[in-house]
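The structure appears below as structure tokens.
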Amino acid sequence: MLKLFKYMKPYFWQCLVLVLAVGLQVFGTLMLPTMMADIVNNGINNNDTDYIFRTGIFMFLVTVVSALGTLVSSYFSTKVSAGISRDMKRDLFAKVLSFSITETEQFSTASLVTRTTNDVSQVQQTMVMCLSMLVRAPLMAVGAVVQAFVVAPDMTWIIALAIGILLIFSIVIIGSVMPKFAVFQKMMDRINLLTRENLTGVRVIRALNKEDYEEKKFKKANEELTKTDLSIVRIMQLQTPIMMLVFNMTSLFAIWVGVSRLSFDMSYLGKMIAFMQYATQVIMSFLFLTMLFVLIPRANVSAKRINEVLATKSKIVFPEKSLDTPKSKTSVEFRNVSFGYKTTDGKILDNINFIAEAGKTTAFIGSTGSGKSTLINLVPRFYDATEGQILINGVEIQNYSEADLINRIGLVPQKGYLFGGTVRSNILFGVKNGSDEQMKKAAEVAQAAEFIEKMPKKYDTEISEGGTNVSGGQRQRLSIARAVAKNPEIYVFDDAFSALDMKTDRNLRKALKKITEDSVVLVVAQRINTIRDAEQIIVLEQGKIVGKGTHYELLKNCPVYLEIAKSQFSEKELEAELALTHGKNTENRMSQKGEK
Ligand SMILES: Nc1ncnc2c1ncn2[C@@H]1O[C@H](COP(=O)(O)OP(=O)(O)OP(=O)(O)O)[C@@H](O)[C@H]1O
């Protein structure tokens, strides 16, 4: 929690005003009981109405000043804590954006959401209380004890006894409630995770009729959370009755002692009234302090979770500036690259070597889980290779600044994601000051222009968050248009054509070919038809390259590729393809002879 106090620095002056206002408030509150005792002893006992009137007016003024102090301190405590909460959220958000996928997976998206919202709220609430109470309560308690001692020294033992009981009670409460807070926040993470999962996957849940199962899962997590919450609340609820008991006992003792003194000293009436008010202040201050000591450890759990995020450094470090290198033709090269996820044993990619050149398409094909997505995710440095080197234009990717690297790459991920906004804002998402012409050209290449023109507001049509109001194929085409609009050096399509019909797929590849003469194109695909024209096809099997060549070369030389072809082509089609393979070889041999 102390680490988060740096967030108070910009609010130093406001905090100072707040402390002064609290001081004023405490001063006023402590003066009133003594004045009351004076009215009773000097005014009522002596029948001096003038004295009562004068002191009454003075009491009124003190009350106004004290109320002003309360108002100012409440205003600043709310303002400062809201400002701190805003600053914390801003830093957390920036930090999360700087994370590589490894760190995001390490915390989990749900936990990052809880930390940025619920945990910050916990800290904010405690700060509001701390800012007004952490100064006020001890000041008031000490002041009230001193005043009580001044007014009625022989009754001070009553307050000492009350403080002793309250201290023991506070320690018991704090000790029993503290460990439950960490558990509570973890359960909040779980609830967030389930909510997110259910909302994102609502269609799948409905389609598989799994509502009951998901409901039961959520109910269980919710009940566990409620149980922990209730056990915390139950302990906290003990606070008020015990405080009231101590308060009533204190009053009872004060009246008992006071009344026994009254028979020989009438001034004890005023003293007794003042003492009881001071005792109330002491007990109320303790009540607030106990609340604070319960809230602070709770906020401490949240503060720790916030700090964990803020202190985490992304494992992927980019240099400030890219290395100065002579301009060369675009290329992507993998040299002996191996990779394994932190959470899994063994290598997911093993000794990958290839060069992808500008103007040529390099495609990746292989069975599910063979490592295709993992391989292309290494290019924009979502993860860093565990072994080997990846070079862009002959320079290791670690030498590029983040902006430079990302600007060179137009990535279309497997699950094309659209942001809440318009068609226009989505297509031009990665382009600074993108023009209408750029946007329309990108849409045409991505075969999206036709359906966009049919939309009610064309390029200004609203897109809902996640792109849920467009079809899967339309979402893919808009994602492709977004990559095309960037006009990148390197296009990375991760199974980005899977939702397109054959005709659109063909037209799109044709249009792409025209604009990628100077670009490297990396395509992951499941369908052979999508990549059959690629200049280089790389076949992956369990993270290893088991074939490299053109479609016809692989049909002839790569058994894994042939298997994939068998599963996708009819017998007749395959026969025709294999015949062509033969034809191609004859052509090759003839052209080689001719050359000789
Ligand atoms: N974030 C991750 N953490 C741990 N393991 C992962 C992660 N992502 C993928 N894997 C594992 O890595 C292997 C390769 O996955 P990858 O997604 O690269 O395969 P793929 O060939 O693209 O599959 P598909 O064609 O189904 O998309 C799989 O065994 C998968 O379980």
Side-chain angles (χ1 to χ4, degrees), residues 96 99-112 193 196-197 200-201 204 312 314-316 332 334 337-354 356 361-388 390 397 409 411-417 472-473 475-476 479-480 483 490-500 505 521-532 534 536-548 554 558-561 563-568:
V96 171
F99 281 169
S100 72
I101 305 218
T102 311
E103 288 84 41
T104 315
E105 281 171 356
Q106 174 197 325
F107 284 106
S108 92
T109 319
S111 182
L112 286 173
L193 177 91
R196 254 178 58 90
E197 215 173 59
T200 324
V204 184
T312 301
S314 177
K315 305 241 169 4
I316 311 275
V332 173
F334 274 51
V337 170
S338 295
F339 175 78
Y341 288 104
K342 284 233 155 56
T343 46
T344 50
D345 292 335
K347 291 178 179 175
I348 297 291
L349 295 174
D350 191 3
N351 199 27
I352 304 291
N353 285 289
F354 70 88
T361 299
T362 299
F364 303 89
I365 198 162
S367 54
T368 301
S370 55
K372 305 178 296 287
S373 298
T374 305
L375 186 150
I376 54 161
N377 280 343
L378 298 182
V379 181
R381 292 191 73 194
F382 289 160
Y383 303 94
D384 266 348
T386 351
E387 286 168 43
I390 300 170
I397 49 175
I409 301 170
L411 171 84
V412 186
Q414 210 166 25
K415 281 187 223 147
Y417 188 86
R475 203 176 312 144
Q476 268 195 344
S479 304
I480 294 169
I490 302 157
Y491 285 87
V492 181
F493 297 106
D494 186 359
D495 211 1
F497 307 137
S498 59
L500 308 182
D505 184 349
V521 181
L522 305 177
V523 182
V524 168
Q526 305 279 1
R527 290 199 303 239
I528 285 188
N529 271 334
T530 305
I531 55 160
R532 58 183 296 152
Q536 175 174 233
I537 301 172
I538 291 172
V539 188
L540 285 175
E541 180 75 356
Q542 292 184 355
K544 289 194 176 98
I545 295 182
V546 291
K548 204 190 286 182
L554 288 169
C558 179
V560 178
Y561 191 77
E563 275 307 307
I564 300 171
K566 276 183 187 165
S567 68
Q568 294 184 10

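Ligands are counted one by one from 1 in listed order, and the atoms in each one are counted from 1 as well.
For the atom pair SG of Cys558 and CD1 of Ile564, the computed distance is 7.5 Å after rounding to the nearest 0.5 Å. In this structure, CG on Leu349 lies 11.5 Å from OH on Tyr383, to the nearest 0.5 angstrom.
No donor-acceptor distance shorter than 3.5 angstrom exists from the side chain of Glu103 to the backbone of Thr312, with no hydrogens or angles considered.
Heavy-atom distances between Gln526 and ligand 1 reach below 4.0 Å in at least one pair. Using a 4.0 Å heavy-atom cutoff, Tyr383 is listed among the residues neighbouring ligand 1. Remark: distances from the non-hydrogen atoms of Gly371 to ligand 1 include one below 4.0 Å.
Every atom of ligand 1 with a heavy atom of Ser370 under 4.0 Å away is listed here by number and element: 19 (O), 21 (O). In summary, the atoms of ligand 1 found under 4.0 Å from a heavy atom of Glu105, numbered by their order in the structure, are 1 (N).
Under 4.0 Å from ligand 1, heavy atoms of Thr374 appear from its side chain as well as its backbone.
For atom 26 (O) of ligand 1, the protein comes within 4.0 Å by at least one heavy atom. For atom 2 (C) of ligand 1, the nearest protein heavy atom is under 4.0 Å away.
Checking Ser373, Gly346, Gly369 against atom 17 (O) of ligand 1, the nearest heavy atom belongs to Ser373. One option in Lys372, Glu541, Gln542 has a heavy atom closer to atom 20 (P) of ligand 1 than any other, and that option is Lys372.
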For Lys347 and Glu387, run side chain to side chain contact (heavy atoms under 4.5 Å, CB included): C-alpha distance rounded to whole Å, both residues' side-chain angles, the deciding distance at 0.1 Å, then the answer. CA-CA 10 Å; Lys347 291 178 179 175; Glu387 286 168 43; 3.7 Å; yes
Could you walk me through whether Ile365 and Leu540 pass the side chain to side chain contact (heavy atoms under 4.5 Å, CB included) check? CA-CA 6 Å; Ile365 198 162; Leu540 285 175; over 6 Å; no
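Ionic pairing of Lys544 and Glu541 is not present here: no N-O contact between side-chain nitrogen and carboxylate oxygen is shorter than 4.0 angstrom.
There is no side-chain donor-acceptor pair under 3.5 Å between Gln476 and Ser479.
Taking atom 11 (C) of ligand 1 as the reference point, the nearest protein heavy-atom neighbour is Tyr341 CE1, 3.9 Å.
Under the 6.0 Å cut-off for aromatic ring centres, Phe334 and Phe339 do not qualify, their centroids lying 6.0 Å or more apart.
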